[in-house]
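What follows is a single structure, written as C-alpha cells, with notes after it.
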Protein chains: 2
Amino acid sequence: MASQTSAKTHTMRALMALRQRITKGELPGGTRLFEVAMAEDLQISRTPVREAMSRLAEEGLLERAPSGGFMVRSFAYADVLDTLELRGVLEGTVARLAAERGTSDAKLREITEIVRRLDGVFGDEPTEVDFEAYSDLNSQFHDALAALPGSLTFERELARVKSLPFASPSAFLPNESRLSAFRRSLAIGQEQHRELVAAIAGREGARAEALAREHALAARRNLEYIFSTEHSEVTTVPGLELVAPAEK
Amino acid sequence: MASQTSAKTHTMRALMALRQRITKGELPGGTRLFEVAMAEDLQISRTPVREAMSRLAEEGLLERAPSGGFMVRSFAYADVLDTLELRGVLEGTVARLAAERGTSDAKLREITEIVRRLDGVFGDEPTEVDFEAYSDLNSQFHDALAALPGSLTFERELARVKSLPFASPSAFLPNESRLSAFRRSLAIGQEQHRELVAAIAGREGARAEALAREHALAARRNLEYIFSTEHSEVTTVPGLELVAPAEK
DNA sequence: CTGCGGCTCAATGTATACATTTTCAGCGTT
DNA sequence: AACGCTGAAAATGTATACATTGAGCCGCAG
C-alpha cells in the first residue's frame with residue numbers, strides 16, 4: 001500500500017497519520033474529529049482511532065470537547081510565542097537547578113562533548129556549515145541540558161513542551177537555502193551553548209538561568225522575522241503550518 | 001449501592017474511583033494496573049476503564065508502560081519538591097508576564113477583590129481564622145493569578161500542575177487543629193498576595209516574578225517541616241499519602 | 001547443571017454490535 | 001421574528017468476542 005507508514009499496531013499508524021495531518025495544517029484548529037469518519041478513512045475500527053486521539057490529547061495537539069470527542073487544538077501566533085517563552089522558562093530553570101544543586105561529572109562531560117562536536121560543524125569557509133549535523137547536535141544539547149539537574153519532573157515537562165513541533169529546539173534553525181545569511185546566528189547560538197555550560201559548571205545559577213532564557217529567545221526572534229518579513233517562509237519551518245493564519 | 005460516587009458515565013466513575021485510590025496511596029508507585037482486574041473490581045467493562053486510565057495519564061497520575069498498559073506513577077520526596085518548584089516558576093512567570101504585558105482592569109479588580117476578602121477571614125481574636133474560607137479564597141487567588149496575563153498556554157500548564165493533589169495551592173495550608181500556631185504563616189502569605197498584586201499593577205515584572213516564586217516556596221517549607229518533624233501529620237495533607245515513604 | 005526452544009496463559013489490541021447522549025433541523029407557538 | 005419543543009440522525013459510551021503479542025514456565029538436549 002502506498003501510504004503504509006509502517007508501525008506495529010493500528011493505533012500507532014493512526015497516531016502518526018493524524019499527527020502528520022494536524023502538524024501539516026490540513027486540519028484547522030477547532031476542527032472536530034469524528035471517530036467514525038477517521039476510522040473509515042484509515043480503514044480501521046473506532047477503537048484504535050480513539051486510542052490514538054487520546055494520546056494526541058496528551059501531546060497537546062488535540063483537546064477533549066466538553067461533550068465528548070476531540071477537536072484540533074488551535075494555535076494562534078500568540079500561543080506560539082507563549083510556548084517558546086515557556087520552553088525558555090523551563091530551560092532556564094533546569095540550568096539554574098543544575099548550577100545550584102550540582103550535576104554529575106559524567107553529565108557535564110557529555111554536554112561539553114556535544115558543544116565540542118558542535119564546533120566541528122563550522123567549516124573553514126564562511127559558507128561551510130553542516131546544517132543537518134548542527135540541527136541534530138543542537139537537539140542533543142537541549143536534551144542533555146534538560147537531564148542535567150537529574151529531575152525527572154522537569155525533564156518530563158520539557159519533553160512535553162518540545163514535542164510540539166514548533167517548540168522543538170531545532171524548529172527555527174535557518175533552512176539550508178539561506179544558510180550563509182544565518183551562519184552568524186548559528187555561531188551566536190553556539191557561543192551561548194558554551195557560556196551556558198560554563199555558568200552551570202561554575203555554579204552560577206542566576207547567570208545560567210538568564211543565559212538559557214536568552215538562548216530560547218532566539219527562536220522568538222526568528223518567528224517574528226518570518227511572520228513579519230518572510231511570511232512565505234512559513235512552510236519551511238516544521239509544524240508552523242498549523243498556526244492559525246488569520247490571527248497573525 | 002454503597003460506593004456510588006455518582007457520575008454520569010462509567011468512565012467518570014472509574015476515573016474518580018481510580019484517582020481516589022491513587023491519591024490515598026492504596027496503589028503504591030510502580031503498580032501495574034490491569035484492565036481486566038480493574039474492570040471486574042468496578043463491575044464495568046474494559047472500555048471505560050481504559051478510557052479512565054488514559055485520562056489519568058494526561059493528569060500525570062499514571063504513566064504508560066513501554067509494553068502497553070499503565071502503571072501508577074511514583075512520586076518520591078524529591079519529585080514533590082520539584083513539582084512545587086515548578087509551580088513556583090510557572091506562577092512567577094505569569095506574574096511577570098502580567099506585569100510586562102499588562103492586564104485588563106477587570107481582572108485586576110477581580111484579584112484585588114479576592115485579596116480584600118482574604119483579609120476578612122482574620123477575626124479580631126488571634127485564634128479566629130475561618131480556615132475553610134481562607135483555603136477556598138486562596139485557591140481562587142491562584143486561579144485568578146494564572147489568568148492575569150491572558151495566556152491560555154500558561155493557564156493550561158498551571159492547571160495541569162495544580163491538578164496533582166500535593167501541588168494544589170491549598171495543599172499545605174495548616175489544618176484546623178494547629179491553626180493558631182500557623183496564624184502568622186497565613187498572615188505572611190496574605191501579605192505576599194497583596195505585594196504581588198501591587199507589583200503587577202505597578203508593572204514591576206522582576207519583582208512580581210520573585211514574589212510569586214517566594215510565595216510558592218512556603219509550601220516547600222511546610223513540606224520539609226512535616227517530613228522532618230511531624231511525619232505523623234502526613235495523612236492530614238491531601239494527596240501526600242501517595243509519596244513513596246521509604247525514600248524520605 | 002545450563003541453555004535453548006517452544007508451549008501456554010495472560011494481557012493488551014481490535015472489531016463490532018448495541019446503548020445512550022448530543023445535536024440540530026423542523027415546526028409550532030407566542 | 002424569536003423562542004422552545006420534539007424527534008430523528010449522528011456521534012460517543014459501553015460491552016464483549018476474538019486476535020495478537022509477549023513473558024514466563026517447563027522440559028529436553030547438550
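Every chain is numbered from 1, with letters handed out A, B, ... down the list of sequences. It should be emphasised that the depicted structure is a prediction, and the values quoted were computed from it without experimental measurement. In what follows, every heavy atom counts, from backbone to side chain, and hydrogens, waters and symmetry copies are set aside.
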Carboxylate-amine/guanidinium contact A:Asp82 B:Arg101, below 4.0 Å: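 Answer for the salt bridge query: yes.
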Check ion pair A:Glu157-B:Arg160 (N to O, under 4.0 angstrom): yes
Nucleic acid contacts - residues 39-50 of chain B versus DNA chain C, non-hydrogen atoms under 4.0 Å: B:Arg46, B:Arg50
Interface with DNA chain C, restricted to residues 53-61 of chain A and to heavy atoms under 4.0 Å: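 Result for residues 53-61 of chain A: none.
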Test side chain to side chain contact (heavy atoms under 4.5 Å, CB included) applied to A:Ser139 - qualifying residues, sequence neighbours left out: A:Ser170
Distance, rounded to the nearest Å, where A:Leu33 contributes CG and D:dA11 contributes P: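 Going from CG in A:Leu33 over to P in D:dA11 covers 12 Å.
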Test log, rule salt bridge (Lys or Arg N to Asp or Glu O under 4.0 Å), inputs B:Arg21 and B:Asp41: CA-CA 13 Å; B:Arg21 291 187 196 183; B:Asp41 198 17; 2.7 Å; yes
Boundaries of the DNA chain C segment in contact with chain A, non-hydrogen, under 4.0 Å: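 Under 4.0 Å from chain A, the extent on DNA chain C is C:dG13 to C:dT23.
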Mutual orientation of the aromatic rings belonging to A:His215 and A:His193 [parallel < 30°, tilted 30-60°, perpendicular > 60°]: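 Rings of A:His215 and A:His193: perpendicular, over 60°.
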Closest non-hydrogen atom pair, B:Leu145 against B:Ile111: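 So the two residues come closest at N-CD1, 3.8 Å.
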Any residue meeting salt bridge (charged side-chain N to carboxylate O under 4.0 Å, His left out) with B:Arg55, in chain and number order, not counting sequence neighbours: B:Glu51
Which donor-acceptor pairs under 3.5 Å do the side chains of residues 26-33 of chain A make with protein atoms, sequence neighbours left out?
| residue | atom | partner | partner atom | Å |
| --- | --- | --- | --- | --- |
| A:Thr31 | OG1 | A:Pro28 | O | 2.5 |
| A:Arg32 | NH2 | A:Gly68 | O | 3.0 |

Non-hydrogen side-chain atoms of B:Asp136 and B:Gln140 separated by less than 4.5 Å: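 Yes - at least one pair of side-chain heavy atoms lies under 4.5 Å apart.
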Pair B:Glu113-B:Arg109, salt bridge (Lys or Arg N to Asp or Glu O under 4.0 Å): steps then yes or no: CA-CA 6 Å; B:Glu113 169 66 14; B:Arg109 255 182 284 125; over 6 Å; no
Residue closer to the 5' end of DNA chain C, A:Thr9 versus B:Phe34 (nearest nucleotide): B:Phe34
Sugar-phosphate only, base, or nothing, as touched by A:Thr11 at under 4.0 Å among non-hydrogen atoms: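 Since only primed, P, OP1 and OP2 atoms lie under 4.0 Å of A:Thr11, the category is sugar-phosphate.
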Sugar-phosphate, base or nothing in reach of B:Glu35, heavy atoms under 4.0 Å: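 Contact class for B:Glu35: sugar-phosphate only.
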